[in-house]
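When a ligand or atom number is given, it counts from 1 through the structure's own listing order.
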Amino acid sequence: MKAAQIKEYGSVENIEVVDIDVPVPDAGQVQVEVYAASLNPFDTSVREGHARQMAELTMPATLGGDIAGVVSALGEGVTAFKVGDKVYGSSQALAGNSGALAEYSVTGADSLAIAPLNVTMAEAAALPLVGVSALQAISEHLELASGKKLFIQGGSGGIGTVAIQIAKNLGAYVAASTKGAQVDYVKGFGADEVVNVDSQDYSTVLKDYDAELVLVRGEDWDKLLTVLKPGGVAVSLVGPADEALTSAHNVTVYAQGTNTNTTWLDQLRGLVEGGVVTPQVAHTYTLDQVQEAFATREGGGVSGKVVVQIKQ
Ligand SMILES: NC(=O)c1ccc[n+]([C@@H]2O[C@H](COP(=O)([O-])OP(=O)(O)OC[C@H]3O[C@@H](n4cnc5c(N)ncnc54)[C@H](OP(=O)(O)O)[C@@H]3O)[C@@H](O)[C@H]2O)c1
């Protein structure tokens, strides 16, 4: 089968499409015929070696995490799925699975769920990491309801656009920050207020927010926490805040490690089938165009997810 692999950490030029054996599922694993895989910032970190502190890849390694496809074989003890089921979820080589960007992938049964019935395979592949990240953040820590105010920093990205849709459905007032070119795209998801960071400082216009979702690395935490009211809660997908700062602002910041498991994927499926969350696919590439797919996502300014369509 064909797979997009690296032999050593590095740039997009290191990715090769090679012929390798179809992976066989161990006990507790599922083999999926992959129809589509989407790219996330984490896939770039894995390829570049920045995620090495979490785990080392065994080289050569197949890249990618998010998948959608059809169950083609079951490992011993797997009863939650049957051959032929349409599924979506995660297969990260870094987590001990075979990797997403291949014609077949093997992953833990607990990293998969039945895919939403009302979307294409490309759209299903666009959902797992960003959808679960948004849903987990909002469900575990941000008590959103009518009248509550949420600020989403980086509202134009994969997680941000799903978070806007879920938060609006819960009745929250949502402000989101983005770069200039993406303002109209973010407004399209129903955000009440969109701050263009190219021309406005969000910390001077947004005040007394109950909740905050931090999605862009490298931002000044003092500015971010100024938006919250005392007692407010933030969830960061980009690492922890300085404790002295959170105390000074009298707020709580949770650093989330997203858990793309069956339970969250099932809940996400409900939101997609219920029309609350609509997946966004900006570009699709073939497996042979995988270098271009990574380069497009890494170039920024993409309104939606970059998907590699492996089988039609
Ligand atoms: N901890 C975890 O378990 C976990 C899980 C998933 C994701 N993450 C991390 O969470 C972050 C967001 O993920 P994602 O998939 O949503 O990424 P993404 O799709 O790249 O979204 C980030 C968005 O923010 C925009 N942006 C860049 N600089 C900005 C600024 N200064 N102010 C406002 N918006 C800005 C980007 O625009 P441009 O594209 O034009 O730059 C992009 O639209 C990433 O760093 C990712 O690695 C962590």
Side-chain angles (χ1 to χ4, degrees), residues 38-48 50-51 53-55 64-66 90 92 94-95 111 125-138 140-141 151-166 174-189 191 193-203 205-206 212-221 223-224 227 234-241 253-261 264-265 268 277 279-283 293-307:
S38 83
L39 302 186
N40 288 289
F42 186 65
D43 301 317
T44 299
S45 301
V46 170
R47 190 198 70 224
E48 292 179 336
H50 300 308
Q53 72 255 34
M54 296 169 72
D66 281 349
S90 176
Q92 266 291 345
L94 202 78
S111 299
L127 282 164
L129 185 62
V130 297
V132 170
S133 292
L135 182 58
Q136 186 181 335
I138 288 173
E140 283 187 340
H141 298 299
F151 169 50
I152 302 174
Q153 178 236 16
S156 44
I159 300 173
T161 53
V162 176
I164 296 170
Q165 296 175 75
I166 296 173
V174 178
S177 69
T178 184
K179 292 174 174 174
Q182 310 262 48
V183 168
D184 288 339
Y185 176 63
V186 176
K187 281 185 180 159
F189 294 95
E193 221 171 310
V194 181
V195 179
N196 173 359
V197 295
D198 293 335
S199 56
Q200 262 183 312
D201 177 350
Y202 64 82
S203 67
V205 288
L206 306 177
E212 186 168 32
L213 197 47
V214 179
L215 300 174
V216 181
R217 218 169 279 281
E219 180 63 285
D220 182 314
W221 272 105
K223 257 175 75 171
L224 282 166
V227 171
V235 176
S236 167
L237 273 291
V238 293
V253 179
Y254 296 96
Q256 174 171 302
T258 299
N259 188 1
T260 313
N261 64 22
W264 287 118
L265 288 164
L268 180 62
V277 171
Q280 305 297 315
V281 176
H283 301 283
F294 270 88
T296 298
R297 208 213 59 73
E298 289 162 22
V302 182
S303 299
K305 298 273 296 175
V306 172
V307 170

Q: Give the single entry among H50, Q256, R217, K179 that approaches atom 2 (C) of ligand 1 most closely by any heavy atom.
A: Q256
Q: Backbone or side chain, does any N or O of N40 fall under 3.5 Å from an N or O of ligand 1?
A: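 Between N40 and ligand 1, no N or O pair is found under 3.5 Å apart.
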Q: Is there any N or O on I159 that sits under 3.5 Å from an N or O of ligand 1?
A: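 N/O-N/O distance under 3.5 Å: yes.
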Q: Considering only heavy atoms of L215, which atoms of ligand 1 have at least one such atom less than 4.0 Å away?
A: 11 (C), 12 (C)
Q: Does the N or O separation between V238 and ligand 1 drop below 3.5 Å for any pair?
A: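 No, there is no polar N/O contact under 3.5 Å.
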Q: Just checking, is any N or O donor in the side chain of T260 or S90 under 3.5 Å from an acceptor N or O on the other one?
A: no
Q: Find all atoms of ligand 1 within a distance of less than 4.0 Å from any non-hydrogen atom belonging to S133, and give their numbers and elements.
A: 5 (C), 6 (C)
Q: Could you tell me whether V302 and ligand 1 have an N or O pair separated by under 3.5 Å?
A: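 Between V302 and ligand 1 (N or O atoms, distance only) the closest approach is not under 3.5 Å.
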Q: Give the numbers and elements of all ligand 1 atoms closer than 4.0 Å to a heavy atom of V130.
A: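 This gives 15 (O) as the contact atoms.
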Q: As an exercise, identify every atom of ligand 1 less than 4.0 angstrom from a heavy atom of L129.
A: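 Close to L129: 6 (C).
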Q: Given G154, P41, A134, identify the one with the heavy atom nearest to atom 44 (C) of ligand 1.
A: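 Nearest option to atom 44 (C) of ligand 1, by heavy atoms: P41.
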Q: Identify, by atom number and element, the atoms of ligand 1 in contact range of V216, meaning under 4.0 Å from any of its heavy atoms.
A: 24 (O), 26 (N), 28 (N), 29 (C), 34 (N), 35 (C)
Q: Please list, in number order, the atoms of ligand 1 under 4.0 Å from a heavy atom of S177.
A: 33 (C), 34 (N)
Q: Using a strict cut-off of 4.0 Å, indicate which atoms of ligand 1 neighbour a heavy atom of G301.
A: 38 (P), 39 (O), 40 (O)
Q: Does any donor atom in the side chain of S303 or Q182 lie under 3.5 Å from an acceptor atom in the other side chain?
A: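 A pair is found: one side chain offers a donor N or O, the other an acceptor, under 3.5 Å apart.
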Q: Between L237 and ligand 1, which part of the residue brings a heavy atom under 4.0 Å of the ligand: side chain, backbone, both or neither?
A: both
Q: Under 4.0 Å from a heavy atom of R297: which atoms of ligand 1 are those, numbered in the order shown and with their elements?
A: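 Every atom of ligand 1 under 4.0 Å from some heavy atom of R297: 20 (O).
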Q: Taking atom 30 (C) of ligand 1 as the point of reference, which of V197, N259, N196 owns the nearest heavy atom?
A: V197
Q: Under 3.5 Å, N or O to N or O, is S156 touching ligand 1 that way?
A: yes
Q: Can you find an N or O of T178 that's nearer than 3.5 Å to an N or O of ligand 1?
A: no
Q: Using a distance-only test with no angle check, is there a side-chain donor-acceptor pair under 3.5 angstrom linking T44 and E298?
A: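 Their side chains do contain a donor-acceptor pair, which is all the 3.5 Å distance test asks for.
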